[in-house]
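Heads up: the structure comes next, in structure tokens.
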Amino acid sequence: MTLDQVIGAGVLAATLRLATPILLAALGGVVSERSGVVNIALEGCMLVGAFFGVVAADRTHSVVLALAVAMGAGGILAAIHAVAAIHLRSDQIVSGMALNILALGLTSYLDYQFYGNTGTPADLAGVPDVSLGPIAAIPFVGDVIGNQNAIVWVALALVVVIQAFLFRTVPGLRLRAVGEHPRAADTVGIAVRPTRYWAVLASGLLAALGGAYLSLSVAHSFTDGMTGGRGFIGLAAMIFGRWTPAGALVASLLFGYGTALSFSLQGASIGSVQVPVQLLSTLPYVLTILAVAGFVGRSRPPAADGLPYETEGHA
Amino acid sequence: MATEPQASPTGPATAPSVRQPAAQWATGPAVPVVSVAFALLVGMLFVLASGHDPISAYVDLFKGAFGSPYDITETLIQTIPLILAGLAVAVAFRSGLFNIGAESQLLVGAVAAGAVGARFASLPGPVLFPMVLLSGIGAGAAWGAIAGYLKAARGVNEVITTIMQNYIVVFVMHWLLQNGPMTAPNALGTPASAPIGDGAVLPVIIPNSIVPLTRLHAGIFLAIAAVVVFWFLLWRTSLGYELRAVGLGARAAAQAGINPRTRIVLAMAIAGGFAGLAGMIQVSGVFHRVFDGFSAGYGFDAIAVALLGKNSPIGIVLAALLFGAFARGGTIMQANAGVSAQLVSVIEALVLFVIAAELIVRILAARRRGPKPIEAIT
């Protein structure tokens with residue numbers, strides 16, 4: 001095991017790459033849950049984003065259209081969840097699980113119908129990397145951030161934007177009020193249900209962008225179930241980051257680093273003991289449980305998270 | 001994704017949810033039947049849209065599941081773990097808990113059974129089999145109890161814990177089977193453990209002279225026994241009464257002198273035990289070892305099985321049989337009709353979704369019945 005394998009530029013660049021889809025899902029989770037709707041369908045939103053992004057890239061050869069279609073697909077899935085959770089007052093966990101299964105089944109089904117056993121086409125239009133010119137030439141720093149994908153920068157910018165929106169603007173305050181105490185928000189004239197609709201829709205768009213990043217920036221193809229639970233890691237990052245965008249960024253970087261380490265330490269050994277790299281991958285999940293249980297800080301969700309809202313005297 | 005508000009360790013007064021199934025579901029099979037019918041109809045549209053004949057696809061699906069004695073036994077092999085994992089989800093639901101962790105509880109049970117079965121492979125069956133059985137159930141129960149404990153003692157929502165536990169087990173199994181203590185040389189081609197001893201194997205129960213090549217094993221009797229235990233425990237013992245009381249309302253149960261905290265831990269342990277048994281049966285009856293990618297998602301399908309079966313013993317058996325038939329028939333349909341086996345996942349998701357949005361069904365039902373206004377029902 002060498003120092004380079006632990007904090008080398010390659011590991012840190014990989015950390016940023018691996019953190020990005022988790023971060024986008026986590027940001028979606030923050031927006032949705034701050035408004036009081038639990039959205040565990042983020043995993044499904046990512047998956048439809050990944051798949052329909054590839055289909056659109058294949059058919060239109062346009063990256064912009066592909067991203068639009070990907071986010072549209074995620075938005076539609078999220079909208080279904082919103083109707084179920086907000087209007088039909090379904091159990092939000094059951095609805096979310098159903099949509100995750102639906103997304104997995106639907107994308108695998110259509111993948112087989114469209115592309116059979118041969119896989120998605122090899123010449124897909126992909127999201128380009130951004131070369132930072134002179135910065136890319138700086139040793140180490142340039143190796144880490146000099147040639148990251150465009151969506152990595154979009155995700156980082158969204159952290160700032162959403163953090164400012166939630167905590168520095170009036171609509172952001174209203175969204176949080178709806179998630180903390182919908183009755184009070186309603187009393188002062190904030191439209192609870194529309195606010196929640198917009199928030200859930202936004203969460204679907206964000207997660208789908210994360211999915212499109214996986215298929216159009218990283219893999220340049222689609223494989224069944226390719227999100228591999230990153231939507232759930234995003235939820236973990238949201239919780240570990242205490243339901244704030246900045247916290248979600250820190251958590252996503254930490255989780256991304258854990259995964260980057262598990263790649264770079266493959267086959268490495270300390271003394272004669274081989275490093276059990278797979279166990280490093282359990283880090284996000286163990287830390288999240290500890291965080292929610294209050295062993296590592298104390299993570300508290302919005303007070304009305306997951307509870308449907310009824311206006312008085314109306315069923 | 002909420003932890004429970006600290007002010008009420010006994011759980012919040014939530015809005016109507018699947019966690020109090022008895023309180024809100026109309027009796028009778030109307031909702032499950034409607035949801036399955038709706039899902040099958042929408043599934044037909046999918047097949048039609050992809051340029052295939054939906055009728056022949058469904059005929060192939062049915063034939064694949066029930067077309068011959070061999071197919072029926074294969075369907076039953078799929079049904080067995082679904083029943084047990086379904087019980088794991090249902091016993092938690094009945095106690096007011098949402099167990100999304102049946103998948104990892106099943107895997108932990110399988111790993112424990114596989115480890116004990118291989119480590120003590122030379123022991124005779126009467127000694128080895130009970131050891132393997134108890135280690136599978138015990139490991140699942142312990143893993144489930146962690147989620148129960150964190151809920152009872154620290155107020156952690158069991159949904160979060162069990163989702164995280166599912167992923168922890170996946171990676172721990174990667175390690176155990178790829179380059180860890182259970183890795184066996186030259187097994188299968190996928191990372192796998194050493195085979196369990198002959199004494200731990202559940203025998204095939206139908207002679208090959210009657211159904212050639214059948215793999216149907218004695219685990220089916222364990223599954224039936226588990227269903228009886230589930231029924232007896234919940235409806236014929238005081239513990240079961242207490243669990244259901246906590247499920248219907250933790251605060252009221254606490255007023256009646258039932259401590260919800262200990263019941264929550266027990267409920268999750270029992271749930272984990274059922275799922276662990278499922279994993280043990282897959283090892284002892286079907287695969288005779290543990291390998292990477294061991295479960296075909298039975299623990300997730302189990303959520304749909306429990307909800308579709310309305311958390312009742314008979315309902316769970318019927319729902320597991322339906323999903324078992326989908327699993328078996330889907331692969332045959334793909335081979336014969338060229339329609340992806342994933343169609344059944346779409347159907348399954350639609351079933352689950354309709355149940356989640358049960359209000360739709362109930363509004364429709366209320367309209368048909370006429371005079372009763374919706375407000376009176378909801």
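Just so it is clear: chains get the letters A, B, ... in the order the sequence lines come, proteins before strands, and each one is counted from 1. Heavy atoms only: backbone and side chains are in, while hydrogens, waters and symmetry mates are out. On a predicted model such as this, the values are computed, not experimentally measured, just so you know.
Comparing B/Ser345, B/Ser50, B/Ala304 by heavy-atom pairs within less than 4.5 Å of chain A, the highest count is held by B/Ser50. Looking only at heavy-atom pairs under 4.5 Å with chain A, the residue among B/Leu343, B/Val170, B/Val351, B/Val169 that has the most is B/Leu343. Chain A forms the most heavy-atom pairs under 4.5 Å with one residue out of B/Leu150, B/Leu176, B/Ile347, B/Asn179, and that residue is B/Asn179. Highest contact tally toward chain B, considering only A/Gly96, A/Ala84, A/Ser281, A/Pro284, is held by A/Ser281 [criterion: heavy-atom pairs under 4.5 Å].
The shortest distance between side-chain heavy atoms of B/Leu307 and A/Val94 falls below 4.5 Å. With contacts defined as side-chain heavy-atom distances shorter than 4.5 Å, the pair B/Phe98/A/Asp91 qualifies. Proximity of A/Ile101 to B/Glu348: side-chain heavy atoms (C-beta onward) are separated by under 4.5 Å at one or more points. Looking at A/Phe232 and B/Met164, their side chains never come closer than 4.5 Å, going by heavy atoms from C-beta outward. At least one side-chain heavy atom of B/His52 sits less than 4.5 Å from a side-chain heavy atom of A/Gln113. When side chains are defined from C-beta on, B/Phe353 counts as touching A/Leu99, because their heavy atoms get closer than 4.5 Å.
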Quick one: do B/Phe171 and A/Leu280 satisfy side-chain contact (heavy atoms from CB on, under 4.5 Å)? Show the steps, please. CA-CA 9 Å; B/Phe171 289 108; A/Leu280 278 173; over 6 Å; no

Could you please spell out the steps behind the side-chain contact (heavy atoms from CB on, under 4.5 Å) verdict for B/Val339 and A/Tyr109? CA-CA 8 Å; B/Val339 176; A/Tyr109 176 76; 3.8 Å; yes

CA sep, side-chain torsions, deciding dist, call: A/Ile289, B/Val156, side-chain contact (heavy atoms from CB on, under 4.5 Å): CA-CA 8 Å; A/Ile289 291 178; B/Val156 183; 5.8 Å; no

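Within a 6.0 Å radius of OH in A/Tyr115, more than 12 heavy atoms belonging to other residues, nucleotides or ligands are found.
Only the side chain of B/Ile303 comes within less than 4.5 Å of a heavy atom of chain A; its backbone N, CA, C and O stay farther away. Residue contact with chain B, scored on non-hydrogen atoms closer than 4.5 Å, is absent for A/Leu283. The part of A/Thr288 that comes within reach of chain B is its side chain, from C-beta onward, which places non-hydrogen atoms under 4.5 angstrom from that chain. Contacts of B/Val344 with chain A are absent, with no heavy-atom separation under 4.5 Å from either backbone or side chain.
Smallest separation of non-hydrogen atoms from A/Gly229 and B/Tyr167: CA-OH, 3.1 Å. Across B/Ala349 and A/Ala98, no two heavy atoms sit closer than the pair CB-O, 3.4 Å. A/Gly105 and B/Gln342 make their closest contact through O-CB, 3.6 Å (heavy atoms, listed as atom of the first residue, atom of the second, distance). Summarising the geometry of B/Ile168 relative to A/Thr282, their closest heavy-atom pair is O-CG2, 3.7 Å, with the distance given to 0.1 Å.
Not counting sequence neighbours, the partners of A/Glu43 by the side-chain hydrogen bond (donor to acceptor under 3.5 Å, both in side chains) test are A/Thr227.
In this structure, the separation between CG on B/Leu352 and CE on A/Met97 is 7.5 Å, given to the nearest 0.5 Å.
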